[in-house]
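Supplied in C-alpha cells, the structure appears directly below.
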Amino acid sequence: MRVLGIESSCDETAAAVVDDSGRVLSDVVHSQVKLHARYGGIIPELASRDHLRNIEPVITEALARASTTVAQLDGIAVTHRPGLVGALLVGVQAAKGLAWGAGKPLVGVDHLVGHLLAVFLQREKTLIETPRFPFVCLLASGGHTALYRVGSPKLDDITELGATRDDAAGEAFDKVGKLLDLGYPGGPKIDRLAKTGNADRHAFTVPMAAKRSLEFSFSGIKTQVASHIDRHGKPGSEGELADLCASFQRAVVTSLTRKLFAAAAEENVNDVVIGGGVAANRELRETVLLEARKRGLRAFLPDLASCTDNAAMIAYAGLRAIERGETHSWDLAATSRTALARSTRKGRGAR
Ligand code: KG4
Ligand code: ZN
C-alpha cells in the first residue's frame, strides 16, 4: 500500500508518500518560518495564503520523489484537525480534489494522532524496531503538550492521561526565545545554546513538580525567566545566555520526563514514546533514554524529521485508517479542535 499525506495545519506546507511498512518514500516540507519571523509568531491569514501558493508544487514534488503517480496510490490522507481553520482548508480542499479526480479513498487525520504514530516511520534502509501497543506517549509541540495511553492506532483506543493547564512546552521555549531575542521558533536555538551552558546556574522551579497528577504547567517558568531578566537585565555574554537557556531547558525537561515515567508506571506499560517538535530536543531525548534504561523500560524516539511537523506521519496514520476501512466522505470538514477527548478539566489556553 502507498498513501499520500498532506499537512497544512499551521506553518508548514507538507506532502509525503509512505508505504505500509512505514517506509517514507518521500517527505517534502515547505516551512513558512521566514515569512512569520518578523512578527514573532504565526499570522493565520498569511499562513493560509502561503499554503495556497505552495500546496500544489509541494504535492507534485512529493509524488515525483517517490516515483509515484496519483493513480498508483491507495488513498489520500490529510490533516483536517486541529489547527488554523483557514490553513487546514487549503490541504483538505487539495486532498479532496486529488481523491475525487482519481477516484481514491480520502481520509482525514487528526494531527495529534499523526504525532503519536510518527515513531513508526522508517527513514533508514534497514527497518528499525517500533514500540508495542499499548504504550505511553509524551506529545510535546508548539500547540499541545499531553500524555497519552496509545492502545492502538485507532482514535478510540487513545486516551489522554494529562495535559498542560496553560502553555504548551514548545510555546514556553518560543516565549523564552522571544524574551532572549533569539527569534522564532525559540526551541531549536535554546537547545543549541543550552549545550554549552551550566544548567545549575539558575534555580528555576519545575512546573507542578510536587503534584502527583499528570498535568503540566509551563506559563510560570516563562514568568520566572521574565522576572529574572527584569531584575538582572538580559544576559550580557554568550556564557550567561547559555546558562540561562540550560537552566530553563533543564526545568522543562525534568517536568516532561518525570510525568512521562509516572504515567508509564501508572499505566503499567513497558514502552514509552515521545513525539512533537519538542521531542527533537537533545536533552529531552537523552534524559528519556537514560531514565528508561534505569527502569528497565524501552524508549522509542522518532527521527528528528518525524518529530517536527511533517506529512509522513499524516500519511502513516491515514494508511492505518484506510486499512481498517475508515475513510471519509466528501463532506470532510476542517476544524480547529482535536478529536481526542480531554481529560484535563482545569485550565484553559492552548492545547
Ligand atoms: O510539532 P511542531 O513542529 O508543531 C506543532 O504542532 O506545534 O512543534 C513546533 C514546536 C515549536 O514550539 C518549537 O520551538 C519546538 O517545537 N521545537 C523544539 C525543538 N525543535 C522544535 N523545542 C525544543 N528543542 C528543540 N530542539
Ligand atoms: Zn505538530
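Numbering of ligands and ligand atoms starts at 1, following listing order.
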Ring centers of His328, His80 separated by less than 6.0 Å: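 For His328 and His80, the ring centres are under 6.0 Å apart.
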Smallest separation among heavy atoms of Gln249 and Ala194, with atom names: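 Taking every non-hydrogen atom into account, NE2-CB, 3.7 Å.
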Option set Gly114, Ser9, Gly187, Gly83, criterion heavy-atom distance to atom 25 (C) of ligand 1, minimum: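 Going through Gly114, Ser9, Gly187, Gly83 one by one, Gly187 has the nearest heavy atom to atom 25 (C) of ligand 1.
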Whether Phe135 and Phe120 hold their rings parallel, tilted or perpendicular, with breakpoints at 30° and 60°: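 Tilted, since the angle between the ring planes falls between 30° and 60°.
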Contact check, Cys10 vs ligand 1, heavy-atom distance below 4.0 Å: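 No, that is not the case, since the closest heavy atom of the residue is not under 4.0 Å from the ligand.
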Which atom of His115 approaches the Zn ion (ligand 2) most closely (N/O/S):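 It is NE2 of His115.
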Proximal ligand 1 atoms for His115, defined as those under 4.0 Å from one of its heavy atoms: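 Per the distance check, 1 (O), 6 (O).
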Angle, OD1 of Asp309 through the Zn ion (ligand 2) to NE2 of His111 - 10° precision: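 Between NE2 of His111 and OD1 of Asp309, at the Zn ion (ligand 2), the angle is about 90°.
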Per-residue contact class, Asp309 against ligand 1 - non-hydrogen pairs under 4.0 Å: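 Both backbone and side chain.
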More than 12 heavy atoms from other groups under 6.0 Å of CZ on Arg49: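 12 or below, so no.
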Ligand 1 atoms in contact with Gly170 (distance to a heavy atom under 4.0 Å):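 What qualifies from ligand 1 is 12 (O).
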Note: Arg298-Glu129 ion pair, threshold 4.0 Å (strictly below):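 Looking at Arg298 and Glu129, the cut-off is met.
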Residues, nucleotides or ligands: over 12 heavy atoms within 6.0 Å of Arg337 CZ: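 Check fails, neighbour count at 12 or below.
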Arg250/Glu283 salt bridge by N-O under 4.0 Å criterion: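 Salt bridge between Glu283 and Arg250, a charged N being under 4.0 Å from a carboxylate O: yes.
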Heavy-atom nearest neighbour in the protein, as seen from atom 13 (C) of ligand 1, with distance rounded to 0.1 Å: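 It is Asp174 OD1, 3.7 Å.
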Short side-chain to backbone donor-acceptor contact, Glu291 and Thr257, under 3.5 Å: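 Answer holds: no.
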Taking atom 7 (O) of ligand 1 as the reference point, the nearest protein heavy atom with its distance: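 Nearest neighbour among protein heavy atoms for atom 7 (O) of ligand 1, to 0.1 Å: Gly142 N, 2.8 Å.
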Atoms in ligand 1 flagged as close to Ala280, the criterion being non-hydrogen separation under 4.0 Å: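 Within the 4.0 Å cut-off of Ala280, ligand 1 contributes 26 (N).
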Nearest-neighbour protein heavy atom for atom 19 (C) of ligand 1, which is reported as residue plus atom name and distance: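 Answer for atom 19 (C) of ligand 1: Gly277 O, 3.6 Å.
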Whether His228 and His232 hold their rings parallel, tilted or perpendicular, with breakpoints at 30° and 60°: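 Ring orientation, 0 to 90° scale: tilted.
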Atom indices of ligand 1 within 4.0 angstrom of His111 heavy atoms, with elements: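 Result: 6 (O).
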Residue and atom name of the nearest protein heavy atom (relative to atom 24 (N) of ligand 1), distance in Å to one decimal: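 Answer, as residue, atom name and distance: Asn281 ND2, 3.0 Å.
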Contacting atoms of ligand 1, where contact means under 4.0 angstrom from a heavy atom of Gly143: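 Here the atoms of ligand 1 in question are 7 (O).
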For Asp191, the ligand 1 atoms whose distance to one of its heavy atoms is below 4.0 Å: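 With Asp191 as reference, the close atoms of ligand 1 come out as 24 (N), 25 (C), 26 (N).
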N-O pairing of Lys104 and Asp74 below 4.0 Å: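 Salt bridge: no.
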